[in-house]
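This chain uses plain numbering: 1 for the first residue, then up along the sequence.
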Amino acid sequence: IYSLLHASRKTFSNVKVSISSQWTPSCLNSTAPELRSHLFPNAEEATLFLGTLDTIFLFSYAMGLFVSGIVGDRLNLRWVLSFGMCSSALVVFFFGTLTEWLHFYNKWFYCCLWVVNGLLQSTGWPCVVAVMGNWFGKAGRGFVFGLWSACASVGNILGAFLASCVLKYGYEYAFLVTASVQFAGGVIVFFGLLTSPKEVGLPELGADEDGSVEEDANRPLMSNDDADDDDRNYSIQAADTDNQPKAIGFFQACCLPGVVLYSLAYACLKLVNYSFFFWLPFYLSNNFGWKEAEADQLSIWYDVGGIIGGTIQGLISDVLQKRAPVLAISLLFAVGSLFGYSRSPNSKPINAVIMAITGFFIGGPSNMISSAISADLGRQDLVKGSSEALATVTGIVDGTGSIGAAVGQYLVSLIQENLGWMWVFYFFILMTSSTVLFISPLIVREIRLLLHERRLRMLAE
């Protein structure tokens, strides 16, 4: 589900050069003169508007996430997801394909469509994390969710591949292909998605344990030290509405330990991660003069690094039974990799290697916060009596992250236009450092717990 949603988002970032060319009267524009759009007098203003569209999308996406998380905890997840996928696909088709076929170009119309698209796409992440929480318990959550959260990067790769294959026929066909695939996926989800084990007669998570205690190594990240050891998993979306617990409120979810700190940290980190997502192909084409299709294909390596980073770092966090220290170390390396990538030479192999390393240290922590850590936050002991919390908590974390990303996309276009790409990377370094700063109380707390546990083991020996 989320791979297809991300593929349609990636299409927009992959065809920005073509769109900018179409929206400006230029001698490089091969479109017939009578069919050219004159939305903007030059490419610089077109680029600024593209950044504005990214900001509009992410702001509406962020607002939608806060609502979608609450809706996902109260309605059938299958209905919410299939509606969001199919409706979003239609909006993408109108935005990129139908307007070009009809030669209809209007800034306000584009803005309205992208607001609606952001709201519809926001139904995806909170609901898919909730479904995963229904099927997978605490054991190995860092590894399982780290591997699974690669779905966003896989979607980016799929979107880049589909766009580069049909871009030679016109950018409108890139939107057409990804929108068609996403719509078909929404139909399949409606008829085939199983949102919880109970739908097929399997026991709910923890229902067959008869009070047995899971190993302490598998306790949630945010569990209280004085909590009862009987820490069962609860299904988020129970099919039996008579026994379904009351869903947690929005402000109650905000007050859960760690939610606000991780949300603020994710606002900074998602700004950097989504800037690469939205602007990397454009940067490669604009800064190095590479062909748009080549830049699309090369940008895949950032996502490859993110896939590997999320999986490995999730596994390490499972072994340590702590998340924040792993995040901190990765983000410190991310600062160095950003500095190195800003000085990458005009060489595709070298650029791809440094890009993959950067994706490893930025995309990996981003995947962890949005999936495994969100699941930990929504499953902690304080919400045992109200297990309908995971989609709400995920919506808060991802929604706050998207607000940061939304502001960032406009700032990126503004900084690039006035100061150049080097200052954009300095901005990324500042935001990555701010991420570490926000989670520093959690880092200190978890390091102390690790040292305390180590002392206890030494005394026991």
- Pairs involving residues 424-442, ordered by first then second residue, that meet side chain to side chain donor-acceptor pair (under 3.5 Å) (sequence neighbours left out): R343-Y426

- Message: Distance check, rounded to the nearest 0.5 Å: I300 atom CD1 versus M355 atom CE?
- Response: 10.0 Å

- Could you state the interatomic distance from NE2 (H452) to CZ (R455), rounded to the nearest 0.5 Å? 7.0 Å

- Task: Ignoring hydrogens and angles, tell me if any N or O in the side chain of S344 forms a donor-acceptor pair with the backbone of G340 under 3.5 Å.
- Result: no

- Query: So do the side chains of V128 and W148 get within less than 4.5 Å of each other, counting heavy atoms only?
  - Reply: yes

- Is it true that a side-chain atom of S337 and a backbone atom of A334 form a donor plus acceptor pair closer than 3.5 Å? yes

- Note on the structure: What one should report as the nearest heavy-atom pair of S299 and K10 is OG-NZ, 3.9 Å

- Task: Write down the atom of A267, the atom of T400, and the distance for their closest heavy-atom approach.
- Result: CB-O, 3.4 Å

- Once you round to the nearest 0.5 Å, how far does CG of L280 lie from CG of L298? 7.5 Å

- Using atom types as modelled and distance alone, determine if a side-chain donor or acceptor of T358 lies under 3.5 Å from a backbone N or O of I354. yes

- Indicate yes or no: at least one non-hydrogen side-chain atom of Q313 is less than 4.5 angstrom from one of F360. yes

- Task: Just do the side chain to side chain contact (heavy atoms under 4.5 Å, CB included) check on W135 and T195 with the steps written out, would you?
- Result: CA-CA 8 Å; W135 284 93; T195 60; 5.8 Å; no

- Under the side chain to side chain contact (heavy atoms under 4.5 Å, CB included) rule, what do V67 and L119 come out as? Steps first, then yes or no, please. CA-CA 9 Å; V67 178; L119 293 172; over 6 Å; no

- Query: Are any of the side-chain heavy atoms of V436 and I443 separated by less than 4.5 Å?
  - Reply: yes

- Are R9 and Y61 in a cation-pi setup, meaning NZ or CZ lies under 6.0 angstrom from the ring centre and within 45 degrees of the ring axis? yes

- Note on the structure: For T123 and L120 the tightest heavy-atom approach is OG1-O, 2.7 Å

- Item | Validation row: M431, L269 side chains within 4.5 angstrom (heavy atoms) | no

- Smallest separation among heavy atoms of L81 and G124, with atom names: CD2-O, 3.7 Å

- Evaluate the ring planes of W125 and Y2, with Trp represented by its six-membered ring, and classify them as parallel (under 30°), tilted (30 to 60°) or perpendicular (over 60°). tilted

- Contact summary for L4 and G185, nearest pair of heavy atoms: CD1-CA, 3.8 Å

- Task: Search all heavy atoms of G363 against all heavy atoms of N273 and return the closest pair with its distance.
- Result: CA-OD1, 3.9 Å

- Message: Do I369 and I439 have side chains that approach each other closer than 4.5 Å (heavy atoms only, starting at C-beta)?
- Response: no

- Query: Who are the salt bridge (Lys or Arg N to Asp or Glu O under 4.0 Å) partners of D54, not counting sequence neighbours?
  - Reply: K16

- Query: Do any N or O atoms from the side chain of S87 and from the backbone of G84 form a donor-acceptor pair under 3.5 angstrom?
  - Reply: no

- To the nearest 0.5 Å, atom CD1 of I396 lies from atom OH of Y262 at 16.0 Å

- Message: Checking side-chain polar atoms at under 3.5 Å, does N351 have a donor or acceptor matched by the opposite partner on Y341?
- Response: yes

- Query: Given side chains that start at C-beta, do those of Y283 and V424 come closer than 4.5 Å, heavy atoms only?
  - Reply: no

- Item | Side-chain donor-acceptor contact under 3.5 Å, W290 with N346 | yes

- Task: Is it possible for you to check whether K270 lies under 6.0 Å from the centre of the six-membered ring of Y266, through NZ or CZ, and within 45° of that ring's axis?
- Result: no

- Backbone of V326 reached by a side-chain donor or acceptor of S330 within 3.5 Å: no

- Is the F425 to F339 ring centre distance short of 6.0 Å? no

- Task: Report, as yes or no, whether the 6.0 Å neighbourhood of atom CZ on F288 holds more than 12 heavy atoms from other residues, nucleotides or ligands.
- Result: yes

- Any side-chain heavy atom of Y274 within less than 4.5 Å of one from L58? yes

- Which of parallel (below 30°), tilted (30 to 60°) and perpendicular (above 60°) describes F428 and F276? tilted

- Query: Got T55 and W114 here, is their nearest side-chain heavy-atom distance under 4.5 Å?
  - Reply: no

- Task: Rounded to the nearest 0.5 Å, what's the gap from OG on S8 to CG on N117? Could you check?
- Result: 6.5 Å

- Message: So, using ring pair (Phe, Tyr, Trp, His ring centres under 6.0 Å) as the criterion, who are the partners of F427 when residues are at least two apart?
- Response: none

- Task: Assess whether side chain to side chain contact (heavy atoms under 4.5 Å, CB included) is satisfied between L50 and I19, documenting all intermediate values.
- Result: CA-CA 9 Å; L50 291 173; I19 293 177; 4.1 Å; yes

- Report yes or no: do S60 and Q121 form a side-chain donor-acceptor pair below 3.5 Å? no

- Task: Enter the distance from L158:CG to C151:SG here, rounded to the nearest 0.5 Å.
- Result: 12.0 Å

- Message: Using only atom types and a distance under 3.5 Å, with no angle test, would you say the side chain of Q416 pairs donor to acceptor with the backbone of W421?
- Response: no

- Item | Test side chain to side chain contact (heavy atoms under 4.5 Å, CB included) applied to Q22 and Y171, step by step | CA-CA 10 Å; Q22 180 63 26; Y171 74 80; 4.0 Å; yes

- Message: Counting neighbours of CH2 on W301 that are heavy atoms of other residues, nucleotides or ligands and sit closer than 6.0 Å, is the number greater than 12?
- Response: no

